[in-house]
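Structure incoming, see below.
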Amino acid sequence: MRIALFTTCLADAVVPRVATATATLLTRLGHEVVVPPEQTCCGQMHLNTGYWRLGAQVVRHHVDAFEQVLEECDAVVAPSGSCVGSVRHQHAAAARRQGDSATAARAELLAARTFELSELLVDVLGVTDVGAWFPHRVTYHPTCHSLRMLRVGDKPLQLLRAVADIDLVELPQADVCCGFGGTFALKNEGTSAAMLADKVAAVTSTGAQVCAAGDSSCLMHIGGGLSRLQTGIGTRHLAEVLAATREAPLVLDAVGAGAR
Amino acid sequence: MSTFLGMPTATGAVRGDRPFPAAAAAGLADDQLRRNLAHATGTIRTKRLAAVAELDDWEQLRLAGSALKADTMARLPQLLEQLEAAVAARGGVVHWARDGEEANRIVTDLVRAAGATEVVKVKSMATQEIGLNEHLEAEGIAALETDLAELIVQLAGDRPSHILVPAIHKNRAEIRDVFRESMPGAPADLGDDPRELAMAARAYLRRRFLEAGVAISGANFACADTGTLAVVESEGNGRMCLTLPRTLITVMGIEKVVPTFGDLEVFMQLLPRSSTAERMNPYTSLWTGVTPGDGPQEFHLVLLDNGRSRVLADPEGRSALHCIRCSACLNVCPVYERVGGHAYGSVYPGPIGAVLSPQLTGMTGGKDPNSTLPFASTLCGACFDACPVRIDIPTMLVKLRADAVEAAEADRTVPSGQDVAMAAAAWAMTDARRWSRLISGGRLLAWRRRGFRRLPWPGSVWTRSRDLPALPSRTFRQLWRRRPGAGEGR
Ligand code: SF4
């Protein structure tokens, strides 16, 4: 299959290893990965902060950028539940609010072909064992948009359970939000921090070495909390865990979890 | 932009005096409140899940509830006129109130006409919304709340913080103190055993029920076809108010009407399981007009608009009127659990308050406390999953954020810092070259391999409680261009 990688702005700018891991994983599974060069961001930050006029411009750019490759690609994948959630549930509405029904229609077509990583692997490609090796204790935070907007259910856990030598431990209160919420983390910083404290405590209680999730933004938040408290627990994206093999293992110390 | 000219906005207790983040800070810092709320919401969350899991057709019930409400809103004027005719045919009198002030005036006149200076009350959100008790007091009429939790709040001179459990922010030791200090006739050695507290309140209330000539209630449902009103409660105090006094005045939001008596079947299953995690609620009182020689001999129904027509006029916000006030969305909300109900300013707290209050009042710009409510959420979606009538609160919050930003833009002449940052980001994000140049700037900070502990403002808002990871020396697009085997331009 030929698959277009929707990098997401955060992975592009802050955690390129997540996008690299996604490409590595899909290539290993025998697929061709294409990175549409014009892509930037899905516009989620603008839309969720109320800037719909600006957000609609970013949405139009996203649709333009991916439409160009849609002919030659079978699917679009993003290593982020919330970005795919925005594509699927907000893009057409954003264009429509600006009276741009043509873009709305194009956005709907693109949305129907866009998948979050675990959806692509399990639903589209039909694999749960991707041949990964990750000999560490891992706990998984399901992230709200994957869980309740995309309804990916236990697909990420199916994938993780098939990873060789992984010690997967259940996260208590896993379905409770970590408190990130985009600009919520800044506008309501105190409440966000209070929610983060509980998430960090839950992660710490598992004795895990790594907290994994399918969204770099939530991971940046949880990781920032784990690092602030010097828990020694790192965060890794689902794509990184799945990309790791015996031949090309993921060395946990290679990238600092945060400030120390 | 959702401005509906000519639509009256709400009056009463639906707007606080501070922006949400400032009001939330008080709740966050209140250790006792945090403990009480975490315990109370945690317990009810678990119980609700169990109660809901008992029904195989729960999802179908939710769909039915949602469809019934959508149908009701689509023909609300017609159903209200049908209700009016049915109530009148059974000897009741219907009054129409444009806003809270008008409703307060109507009720005051009715109480005066009945010759009463004291009324007993059944817990009601509508009368809280319009500040009826305060209005009556100013007019020299004492209103006594008879719901236990509402009584606690009233005696404490406090405000409710939850739509179903108004005193959820108080624990039993605090309640004992309130009773000892403020409840006439409370034993001086009153303990904090729940049963002891309930018995003390019961003794106090019993005499008042028997003496009262006028009762004031709200309504959970009103059936348009039969004119039947319904009040659902747990303590039996409502039943006393609805049957003992000679005059009954019911204040009801216009959205509470349902098309037929048979529709109660759906809501009577949805409501108790969602609100108190009970299979069936303890007291369901139904009455239709007046019955000679039995119960109140005078019945007045005050139909309250107070901003609801405004909400109805917005197709994207309208479903906020579907709410049956079960409070499940409050109980599952991680934000509500940490800040408490008072942070929302309005009598409607939590997720439903965050979408309903701003719509009832309209949002007037950046300084309006209700403009901050749509942002009081991480959009985690737990409320939508819990809502028995499937109100898509997260989507509505995002839509109201757009309305709030547009209202703020219209309200100011100079763009805010956020406006400028968002415009700059959009400028960069609508061109791959501009974007690429912007994010390559990250490498200037990439020397710091350990990430960031403390950043100058505005980054300091982030680093106050979390670290920021180290930035990469190459962006993904740079890495991808230089990957081995690259060159075909992808
Ligand atoms: S919005 Fe839904 S969950 Fe919240 S109180 Fe209303 S009916 Fe209950």
Side-chain angles (χ1 to χ4, degrees), chain A residues 7 9 11-16 19-20 34-35 37-41 43 45-52 54-55 57-58 61 65 89-90 97 144-145 148-149 176-177 179-181 184-196 220-221 223-225 227-228 255-260, chain B residues 20-21 24-25 28 34 334-335 338-339 372 374-382 384-385 394-395 398 401-406 418-419 422-423 425-426 428-432 435 439 442 449-453 458 461-462 464-472 474-477 479-480 489-490:
Chain A
T7 313
C9 64
D12 193 358
V14 181
V15 272
T20 304
V34 173
V35 180
E38 294 304 318
Q39 66 173 305
T40 55
C41 167
M45 175 184 73
H46 287 97
L47 297 176
N48 284 348
T49 312
Y51 288 78
W52 277 49
L54 295 170
Q57 294 170 11
V58 182
H61 180 83
H89 294 281
Q90 296 185 319
R97 188 175 168 112
C144 304
H145 285 125
R148 286 179 282 262
M149 204 178 214
V176 177
C177 178
F180 174 61
F184 175 86
L186 305 176
K187 283 176 185 285
N188 284 284
E189 187 263 332
T191 310
S192 171
M195 291 165 71
L196 177 60
M220 187 169 82
H221 189 235
S227 157
R228 172 58 54 91
V255 187
R260 241 157 276 171
Chain B
F20 180 84
L28 283 169
R34 296 279 299 273
V335 173
R338 285 166 183 82
V339 302
T372 62
F375 298 91
S377 165
T378 61
L379 306 177
C380 83
F384 178 35
D385 279 11
T395 300
V398 173
R401 290 176 182 188
D403 291 348
V405 166
E406 283 177 12
Q418 179 178 272
D419 293 345
M422 287 289 165
M429 286 169 173
T430 43
D431 181 280
W435 169 250
I439 61 172
R449 299 312 304 150
R450 288 299 191 188
F452 303 88
R453 273 245 127 138
V461 186
W462 177 270
R464 216 174 284 154
S465 37
R466 335 119 171 116
D467 295 341
L468 195 71
L471 290 171
R474 299 245 183 282
T475 65
F476 176 71
R477 58 188 63 228
L479 292 171
W480 186 254
R490 275 186 190 129

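Reminder, nothing fancy here: chain letters follow the sequence lines and each chain counts from 1.
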**OP:** Please state whether the side chain, the backbone, both or neither of A/Gln39 comes within less than 4.5 Å of a heavy atom of chain B.
**Re:**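 Contact with chain B is through both the backbone and side chain of A/Gln39.
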Original post:
Which atom pair, heavy atoms only, marks the closest approach of B/Arg477 to A/Pro37?
Top reply: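 Taking every non-hydrogen atom into account, NH1-O, 3.3 Å.
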**OP:** Go through A/Ala65, A/Gly225, A/Ser192, A/Gly55 and name the one with the most non-hydrogen pairs under 4.5 angstrom from chain B.
**Re:**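 Ranked by heavy-atom pairs under 4.5 Å with chain B, first place is A/Ser192.
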Subject >> A/Ala13 to B/Ile439 - nearest heavy-atom pair and separation >> reply: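 Heavy-atom minimum between the residues: CB-CG2, 3.5 Å.
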Original post:
What part of B/Ala24 gets closer than 4.5 Å to chain A, counting heavy atoms only: side chain, backbone, both or neither?
Top reply: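 It is the side chain, since no backbone atom gets that close.
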Original post:
Any side-chain heavy-atom pair from A/Thr191 and B/Leu28 closer than 4.5 angstrom?
Top reply: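 Yes, close enough: below the 4.5 Å cut-off.
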Original post:
Which bit of A/His221 is near chain B, if near means a heavy-atom gap under 4.5 Å: side chain, backbone, both or neither?
Top reply: both
Subject >> Sidechain-backbone polar pair: B/Thr378 side chain, A/Gly181 backbone, donor-acceptor under 3.5 Å >> reply: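 Not at all, since once roles are kept as given, no pair shorter than 3.5 Å links the two residues.
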Original post:
Looking only at heavy atoms, which two atoms of B/Val405 and A/Gly50 are closest? And how far apart?
Top reply: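 The answer is CB-O, 3.4 Å.
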**OP:** Just give me the residue among A/Thr7, A/Asn48, A/Val15 that pairs up with chain B most often, heavy atom to heavy atom, under 4.5 Å.
**Re:** A/Asn48
Subject >> Greatest number of heavy atom pairs closer than 4.5 Å to chain B - which of A/Met195, A/Met149, A/Glu38 >> reply: A/Met195
Subject >> Residue pair A/Cys9 / B/Met429: nearest heavy atoms and the distance that separates them >> reply: SG-CE, 4.5 Å
**OP:** Go through the atoms of B/Leu479 and report whether side chain, backbone, both or neither lie under 4.5 Å from a heavy atom of chain A.
**Re:**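 Only the side chain of B/Leu479 comes within 4.5 Å of chain A.
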Original post:
Any idea which heavy atoms bring A/Thr40 and B/Ala428 closest together, and the distance?
Top reply: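 What the structure gives for the nearest pair is CG2-O, 4.4 Å.
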Original post:
Is it the side chain or the backbone of A/Leu186 that comes within 4.5 Å of chain B heavy atoms, both, or neither?
Top reply: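 Both parts, heavy atoms under 4.5 Å.
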Subject >> Side-chain heavy-atom pair A/Lys187, B/Val461 within 4.5 angstrom cut-off >> reply: no
**OP:** Let me know if B/Val339 has heavy atoms under 4.5 Å from chain A in its side chain, its backbone, both or neither.
**Re:** side chain
Original post:
So which part of B/Ser377 gets closer than 4.5 Å to some heavy atom of chain A, the side chain, the backbone, both or neither?
Top reply: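 Contact with chain A involves the backbone of B/Ser377 alone.
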Original post:
What option among A/Gly190, A/Ala194, A/Gly43 has the most heavy-atom pairs under 4.5 Å with chain B?
Top reply: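 When all of A/Gly190, A/Ala194, A/Gly43 are compared, A/Ala194 has the most.
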Subject >> Which atoms of B/Asp419 approach chain A - backbone, side chain, both or neither, heavy atom under 4.5 Å >> reply: both
**OP:** Check whether any side-chain heavy atom of B/Trp435 lies under 4.5 Å from a side-chain heavy atom of A/Asp12, and answer yes or no.
**Re:** yes
Original post:
Between A/Thr20 and chain B, which part of the residue has a heavy atom less than 4.5 Å away: side chain, backbone, both or neither?
Top reply: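 For A/Thr20, the contact with chain B is made by backbone and side chain together.
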**OP:** Taking the side chain as every heavy atom from C-beta outward, state whether B/Arg466 and A/Glu189 have any atom pair closer than 4.5 Å.
**Re:** yes
Original post:
So do A/Trp52 and A/Leu47 actually touch side chain to side chain, heavy atoms under 4.5 Å?
Top reply: yes
Original post:
Which bit of B/Arg338 is near chain A, if near means a heavy-atom gap under 4.5 Å: side chain, backbone, both or neither?
Top reply: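 Side chain of B/Arg338 only, per the 4.5 Å heavy-atom cut-off to chain A.
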Subject >> Which portion of B/Arg34 sits near chain A, non-hydrogen atoms under 4.5 angstrom >> reply: side chain
Original post:
When heavy-atom pairs shorter than 4.5 Å are enumerated against chain A, which of B/Arg401, B/Met422, B/Gln418 gives the highest number?
Top reply: B/Met422
Subject >> Part of A/Ala11 lying under 4.5 Å from any heavy atom of chain B >> reply: backbone
